[in-house]
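In what follows, a single structure is set out as structure tokens and then discussed.
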There are 2 protein chains.
Amino acid sequence: MRAGMAVLTVDAAGMRAQNSGLLLNMIWRERQISRAEIARRTELSPSTVSAIVADLEQAGLVRSIGAGVSRGGRRPTLIGFCDEAFSLVGVELGASHVTVVLTDLRGRVRTQSKASHAVRGDPEGSLQKAKELIQECLDAERVPRRSVVGMGVAVPSPVHPASPGKMSPLILPAWKNVDVKEWFETAFDMPVFVDNDANLGALSECFWGAGSGGEDLTYIKLATGIGAGHIIHGDVYRGAGGTAGEIGHIAVDSNGPLCVCGLRGCLVTLIGSTALTERARELMGTRGRKGPTVRDLVEGARAGDAAAKQIIDGMGAWLGIAVGGLLNLLNPAIVVLGGEISSVGELLLDPLRASVRQRALSVSMAETRIVTSALGERAIAVGAATLVLQAALRDRSLFPQQNVGRTA
Amino acid sequence: MRAGMAVLTVDAAGMRAQNSGLLLNMIWRERQISRAEIARRTELSPSTVSAIVADLEQAGLVRSIGAGVSRGGRRPTLIGFCDEAFSLVGVELGASHVTVVLTDLRGRVRTQSKASHAVRGDPEGSLQKAKELIQECLDAERVPRRSVVGMGVAVPSPVHPASPGKMSPLILPAWKNVDVKEWFETAFDMPVFVDNDANLGALSECFWGAGSGGEDLTYIKLATGIGAGHIIHGDVYRGAGGTAGEIGHIAVDSNGPLCVCGLRGCLVTLIGSTALTERARELMGTRGRKGPTVRDLVEGARAGDAAAKQIIDGMGAWLGIAVGGLLNLLNPAIVVLGGEISSVGELLLDPLRASVRQRALSVSMAETRIVTSALGERAIAVGAATLVLQAALRDRSLFPQQNVGRTA
DNA sequence: TGACTTTGTTCTTACGACGAAGAAATCAAA
DNA sequence: TTTGATTTCTTCGTCGTAAGAACAAAGTCA
């Protein structure tokens, strides 16, 4: 057993790296803070703080942003993070679409582009499409390559920690021989990070959404598939084989319909988008030729349509079984529901909470907030970009060197 | 969101602390290793390694243990960890007994003592009993107080990270006003660490049992109560409110019997010791006045008793529902079953695995080993001691100073 | 106005890791 | 046995980083 040796050895340079990384994170988090305040909080000496801040300023990562309020003496110089200094690329390969965002270092989307594409069956086409969209985004903002930190890619498959670019051959057989990480690294010559879509939704929520400020959260993506992502101690938790959070195939109804995975009564067969729209067609009738969509369901429920509400209620009840187990097993601080259907908000949360209450210890429930996402449909693509940000905030050297001293 | 600032600032002294901690861990793990080999693996310079090893030797933590085999030149001096230099106290407060062990730094039990006691309802008496047993152990080995690193205490209740000495008032109401950590610290004047019993079982398995070598594992304690403990990245994971792993009250049968917790069909009402022995009485008849015990059940099953096997089969089936959910949610590398009943081994594992297979994705199953514990009934008390070891291996200063240079 | 605070910089000092050089121990081949 | 190469480990001087003291600058408050 390794008794906590994640830490590597340190020499003088490593010492500086560690301290400057710490300062960079603090400045990023606080948005504005004085050298004196940094010194107080970190217990670093004022001289050291000054030296490191000068370093970071030189690298174009932080800058002075005027004077703060006096505490009875000279007014402090506030230091702020250069949110705009670099860009991040986020790519979402969904089941039926490709979304690309270009964000700054504060998760704000500068440009986005999206296209429908049958991703599951067509790896080469999907990747090519993604490449076009990315180039489009980069061109639109005239972003020079050297100001891009890297690229995050969300994929609709578990990702094994040992081979971060490969999909699961069981879930996406057509992608068997493709290495997404390598492909994009070759295509764009920048660091590429790949992870599962629900994991990146969770990261997104942890940085920019309901979980910001915390370190432990579970995100549940409600869409064609049902998947969850865990953030534990501020990090995506992937499990031994990368399949942590694959809750779509938890069997919640032993008499339920047969699933493609071979089991019976899987969550996804009961509350996946397909099941929901199918049920909506039964209860709400067809709308035009194609039958009701998830959007119709959301709008119906909001408008007070009884059938729609009934479907959402049922969904909450089923989902509650899985969430109840989740609370007892993991006791996360926050559970965030994402995916289009989650926009019904309380209409889903109410029956869900009721169902959970029947299945989870009151102790676990008391510590857990269950909420819906407020980040919208770009959440996962932004989460992909965030994966790059997280890596760079930990390892400053990922930020490209700005040869000229100009800050952006 | 905190982007990985668990690390504190470093100065020259901190640099030394970090590197020497790393070396201490490496020596502990490897059991014997030369300075040269350490330098190669850590990429520290030979001179630094020598200096640090001298430090550790001075502190009585490591020592030379002869020469190793030559690699074509001077033979290396092997350095080994002083397993016997210090002692650890481990206390298990069970539902109906108190167990105390005194171990060395390799998890070997030097002395143990155990007493039956109704812990749930009698805090003061239990603590007093524990104190006597601890004193007994210390006296038996003539262990001087200064060679004891600290004390770990396992309690049959979730422990909230914010108040590590307090029990959950919902589960152990009689212990409402007791702070276990404070009580023992006052009684023995040494560092005290408190955690939930299943969490410590997990730690025990991670260090000394099925999980040794790995960093991610889930332990399930099958006894009067059913609880799980997770080790994630080598650390006990407690969740937001300390109730992670409280799987006893996962509702697996909506038509099941009513549980004290107010829910219906909780795991504990179906496979807790009470339920098992009750069912054994029905199927196997009474043995003497008191009816069959868990031990009878184990022996019966091993001897081929059909009724006993049937009960174990049923247990595996129910447990599989929870474990299936666990695999999909967390995808641990190993699941270890502990508690007396787990000694039936394959007789329980077979039906369990079959049940899990019906509920978990084959992907998750493929990466997870499900096994029974081999550590025996002292596992949890030893885990409590291990909690102290883990802390000390991370923070060398927890090892008491040995004023005189004598190594043990 | 003047005493006191707070901020931030400069310069010296201390500490720990590194690297070169060397001593000791061993192997291998002549 | 001798000689040279190799490996291990220590010694000593150098360098980089953080700490600390002293100081200058910019405020506050009475």
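We name chains A, B, ... by the order of the sequence lines, and we start the count at 1 in each one.
- For the 3.5 Å distance criterion, the side chains of A:N199 and A:Y237 fail to qualify, holding no donor opposite an acceptor.
- When the side-chain nitrogen and oxygen atoms of B:T48 are compared with OP1 and OP2 of C:dC18, one or more of them lie within a distance under 4.0 Å.
- A:T386 contributes a side-chain N or O that, together with a main-chain N or O of A:V382, makes up a donor-acceptor pair within less than 3.5 Å.
- Checked by atom type and distance alone, the side chain of A:Q401 never pairs as donor or acceptor with a backbone atom of A:A59 at under 3.5 Å.
- At whole-Å resolution of the value, CD1 in B:I52 and P in D:dC9 are 15 Å apart.
- Distance, B:Q32 CD to D:dT8 P: 15 Å, rounded to whole Å.
- Going from atom CG of B:D55 over to atom C1' of C:dC15 covers 13 Å, rounded to whole Å.
- In this structure, A:R74 does not reach the D:dT28 phosphate: none of its side-chain N or O atoms is under 4.0 Å from OP1 or OP2.
- Residue B:T77 has a polar side-chain atom (N or O) positioned under 4.0 Å from OP1 or OP2 of D:dC9.
- Of the residues near DNA chain D, B:A36 and B:G73, the one whose nearest nucleotide (by heavy atom distance) lies more toward the 5' end is B:G73.
- The distance between atom CD of B:E43 and atom C1' of C:dG19, rounded to the nearest whole Å, is 16 Å.
- Atom CZ in B:R35 sits about 16 Å away from atom P in C:dA24, given to the nearest Å.
- A donor-acceptor pair under 3.5 Å is formed between the side chain of B:E205 and the backbone N or O of B:A210.
- Between B:N19 and the phosphate of C:dG16, there is no side-chain N or O to OP1/OP2 separation shorter than 4.0 Å.
- The nearest whole Å value for the distance from the CG atom in A:L44 to the C1' atom in C:dG8 is 15 Å.
- Residue contacts for B:S70: at a heavy-atom cut-off of 4.0 Å it reaches the sugar-phosphate backbone alone, with no base atom in range.
- At a cut-off of 3.5 Å, with distance as the only test, a side-chain donor of B:S45 or B:T48 sits close to an acceptor on the other residue.
- Listed pair A:R40 / C:dT6 fails the phosphate criterion, with no side-chain N or O lying under 4.0 Å from OP1 or OP2.
- Comparing A:G72 and A:D11 against DNA chain C, the residue whose closest nucleotide sits nearer the 5' end is A:G72.
- Nearest nucleotide to the side chain of B:S47, out of C:dG19, D:dA19, D:dT7: C:dG19.
- The distance between atom CZ of B:R71 and atom C1' of C:dA25, rounded to the nearest whole Å, is 15 Å.
- Phosphate contact (OP1/OP2 of D:dT7, side-chain N/O of B:R75, threshold under 4.0 Å): absent.
- Taking only side-chain nitrogens and oxygens, B:R16 comes nearer than 4.0 Å to OP1 or OP2 of C:dA17.
- Here D:dG16 is the nucleotide among C:dG8, D:dG16, D:dC9 with the atom lying nearest to any side-chain atom of A:A12.
- In this structure, B:L23 atom CG and D:dC9 atom P are separated by 13 Å, rounded to whole Å.
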